[in-house]
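Below is one structure, written out as structure tokens, with a few remarks after it.
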2 protein chains.
Amino acid sequence: MDEIPTRSRTRIQQEKRELILEAALDVFSTKGFRGSTVDQIAEAAGMSKPNLLYYFRSKDDIHTTLLQRLLDMWLAPLRELDDVGDPITELRGYIRRKIEMARDYPRESRLFANEMLQGAPHMMPFLQGEMKALVEEKVVVIRGWIESGKIAPVDPHHLIFAIWATTQHYADFDVQVRAVLGADRSGENRFEDAARFLENLFVRGLATHNK
Amino acid sequence: MDEIPTRSRTRIQQEKRELILEAALDVFSTKGFRGSTVDQIAEAAGMSKPNLLYYFRSKDDIHTTLLQRLLDMWLAPLRELDDVGDPITELRGYIRRKIEMARDYPRESRLFANEMLQGAPHMMPFLQGEMKALVEEKVVVIRGWIESGKIAPVDPHHLIFAIWATTQHYADFDVQVRAVLGADRSGENRFEDAARFLENLFVRGLATHNK
DNA sequence: CTAACGATTGTCCAATCGGTCAAAATTTGC
DNA sequence: GCAAATTTTGACCGATTGGACAATCGTTAG
């Protein structure tokens with residue numbers, strides 16, 4: 001077969017492809033693309049290498065498919081940042097959504113981080129296109145909040161970077177966070193603590209009124 | 001030869017080893033360990049592969065040496081965080097030192113990030129040992145500042161994480177930052193803007209007094 | 001039952017990569 | 001200037017890896 005239209009895929013094909021992508025996400029996110037072997041992915045998916053290559057034309061095909069899927073979900077939290085609500089509430093919600101993503105989808109975060117570290121060879125068009133456009137849109141919103149005196153005057157771009165950095169840190173640098181917090185403090189409540197700290201930090205850092 | 005004591009190395013050996021480490025840092029930091037080949041490093045260092053392997057026993061040896069050197073410089077900025085000065089000034093200085101490191105040593109930052117993404121297979125002892133110890137020491141300092149009412153009551157661990165995340169972000173996610181800022185705003189002043197924003201954010205976020 | 005189609009695997013191959021080695025080229029010590 | 005030591009290289013090797021392929025197994029429709 002050459003290229004199966006998604007429409008005409010067997011139920012088994014759909015399921016197996018899902019299974020493979022799931023396994024590949026595990027492997028790619030921690031070992032990187034070049035550090036992963038098709039055999040490792042196949043074993044993680046519980047099938048033989050030739051069988052895996054029956055569902056995906058190549059290792060690269062799997063990787064590309066994963067990145068493609070990542071695009072959609074990656075911008076979702078920022079998309080929800082809305083002009084209508086109270087700025088502080090909106091930003092607080094954005095931080096919370098991002099922290100939840102770091103907690104619930106750490107592998108996707110690491111996959112993205114790997115791609116960025118390598119200079120975004122596959123995602124550059126996405127960064128310069130869809131992502132930049134969305135950021136620009138939200139920058140306008142934030143700038144509006146500043147001009148109406150609802151939040152402190154800060155650089156909107158760097159505000160967004162700071163939220164990205166602090167939240168994704170808990171997925172990408174999970175080992176470091178765990179190691180530094182120690183065995184006892186490394187329970188799953190570290191995301192709760194992080195959320196509390198970050199909301200606090202940003203709310204205080206952006207407030208225009210005194211407490 | 002088996003293992004040359006550092007003491008008895010020729011001048012040429014010292015220089016060539018430096019040259020190789022410099023080239024390897026370039027390659028490893030963007031392509032990761034598995035994604036890099038000895039040939040690439042050798043070419044970047046302007047020598048043949050066997051010649052490179054005359055100065056380092058193995059690819060792994062180069063990598064380990066780079067990570068080893070990284071340890072020293074990585075904790076330096078935090079070490080300087082001192083108990084004596086004004087808390088806000090101290091923290092502001094720490095942020096500035098970290099941003100300068102991201103600007104001046106982005107390859108080292110990415111090398112570290114790669115190691116973390118893969119679960120710190122080589123640096124785990126360092127994380128749990130030296131790094132955790134230093135953090136714990138500084139946590140005590142920060143806690144002291146909080147108890148004496150000099151900064152707002154926040155979780156010291158997560159404060160440190162936030163400073164790490166926001167500053168290193170400009171090295172590790174440089175491509176993304178550039179892409180989102182656009183060609184015009186991506187001049188080298190982005191580090192200045194970032195520093196200004198971050199100092200502002202943290203100072204406001206930690207202040208106990210009203211402005 | 002059986003023919004057709006989809007799924008699975010064992011085997012193999014070419015390319016890449018880390019590393020070796022002996023020989024050649026160069027530098028150094030005297 | 002020359003011998004010893006150091007540096008550099010071309011050729012080579014074994015192991016790994018991505019992928020191809022033909023053969024086999026399983027399933028399903030008639």
Side-chain angles (χ1 to χ4, degrees), chain A residues 1-28 30-67 114 118 121-122, chain B residues 1-28 30-67 114 118 121-122:
Chain A
M1 97 203 52
D2 203 6
E3 179 65 6
I4 313 171
T6 309
R7 186 65 192 83
S8 71
R9 283 196 189 115
T10 317
R11 179 182 49 84
I12 289 188
Q13 280 178 342
Q14 293 281 11
E15 287 175 4
K16 295 275 177 163
R17 280 178 65 96
E18 261 347 283
L19 198 69
I20 291 168
L21 288 174
E22 174 69 18
L25 182 57
D26 255 11
V27 181
F28 281 147
T30 54
K31 306 198 164 192
F33 180 74
R34 290 290 310 272
S36 310
T37 72
V38 178
D39 269 317
Q40 289 169 346
I41 301 173
E43 190 189 338
M47 63 180 72
S48 65
K49 180 171 66 169
N51 195 13
L52 182 147
L53 288 169
Y54 169 74
Y55 292 104
F56 284 90
R57 272 180 315 202
S58 67
K59 178 186 177 185
D60 219 275
D61 190 16
I62 306 176
H63 189 239
T64 303
T65 304
L66 279 176
L67 288 183
N114 261 308
Q118 286 165 23
H122 304 94
Chain B
M1 99 206 46
D2 203 8
E3 179 67 6
I4 313 171
T6 310
R7 186 65 193 82
S8 70
R9 281 196 190 114
T10 317
R11 179 183 50 83
I12 289 190
Q13 281 178 340
Q14 292 282 10
E15 287 175 4
K16 295 276 177 165
R17 280 177 66 95
E18 250 3 91
L19 198 69
I20 291 168
L21 288 174
E22 174 70 17
L25 182 56
D26 255 10
V27 181
F28 281 148
T30 55
K31 306 198 163 191
F33 180 75
R34 290 291 308 271
S36 311
T37 72
V38 177
D39 269 315
Q40 290 169 346
I41 300 172
E43 191 191 336
M47 63 180 71
S48 65
K49 180 172 68 171
N51 196 11
L52 183 147
L53 288 168
Y54 169 74
Y55 292 103
F56 284 91
R57 271 179 317 203
S58 66
K59 178 186 177 185
D60 220 274
D61 189 16
I62 306 175
H63 190 239
T64 302
T65 304
L66 280 177
L67 288 184
N114 260 310
Q118 285 165 25
H122 303 94

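Proteins come first, then strands; the chains are lettered A, B, ... in the order of their sequence lines, and each starts at number 1.
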Q) What pair of heavy atoms forms the shortest contact from L21(A) to L66(A), and how long is it? A) O-CD2, 3.7 Å
**Q.** Length of the CD-P vector between Q14(B) and dT27(C), whole Å
**A.** 19 Å
Q. Taking only residues two or more places apart in sequence, or in another chain, which ones meet T64(B) in a side-chain contact (heavy atoms from CB on, under 4.5 Å)?
A. D60(B)
Q. Which atom pair, heavy atoms only, marks the closest approach of I62(B) to F28(B)?
A. CG2-CE1, 4.1 Å
Q.
At less than 4.0 Å, is any side-chain N or O atom of N51(B) found next to OP1 or OP2 of dT7(D)? Yes or no.
A. no
Q. How close or far is atom P of dG18(C) from atom CG of L52(B), stated in whole angstroms?
A. 11 Å
Every protein N/O within reach of nucleotides 20-25 of chain D N/O, cut-off under 3.5 Å:
none

Q | I20(A) CD1 to dG18(D) C1', straight-line distance once rounded to whole Å | A | 15 Å
Q: Whole angstrom is fine here: how far is it from CE in M47(A) over to P in dG19(D)?
A: 16 Å
Q: For D26(A), check side chain to side chain donor-acceptor pair (under 3.5 Å) against everything at least two apart and list the hits.
A: R107(A)
Q.
Any side-chain N or O of Q13(B) below 4.0 angstrom from OP1/OP2 of dT7(D)?
A. yes
Q: May I ask you to evaluate whether K16(A) reaches the phosphate of dT8(C), defined as a side-chain N or O under 4.0 Å from OP1 or OP2?
A: yes
Q. Is the number of heavy atoms from other residues, nucleotides or ligands within 6.0 Å of NZ (K31(A)) greater than 12?
A. no
Q: Mind checking the CD-CZ spacing from Q118(A) to F33(A)? Nearest 0.5 Å is all I need.
A: 9.5 Å
Q: Tell me which residues in residues 31-44 of chain A put a heavy atom below 4.0 Å from DNA chain C, sorted by number, or none.
A: R34(A)
Q | For the student: nearest non-hydrogen atoms of R17(B) and Y55(B), plus distance | A | NH1-O, 3.0 Å
Q. Out of curiosity, S36(A) OG to K59(A) NZ, how far, rounded to the nearest 0.5 Å?
A. 6.0 Å
Q.
Whether Y54(A) contacts dA7(C) is assessed here as follows: a side-chain N or O lying under 4.0 Å from the phosphate OP1 or OP2. Is that the case?
A. yes
Using a 3.5 Å cut-off and no angle test, enumerate the donor-acceptor pairs between side-chain atoms of residues 38-50 of chain A and protein atoms at least two apart in sequence or in another chain.
unit_1, atom_1, unit_2, atom_2, d
Q40(A), OE1, T37(A), N, 3.1
S48(A), OG, N51(A), N, 3.4

Q | Separation of atom OH in Y55(B) from atom P in dG19(C), rounded to whole Å | A | 18 Å
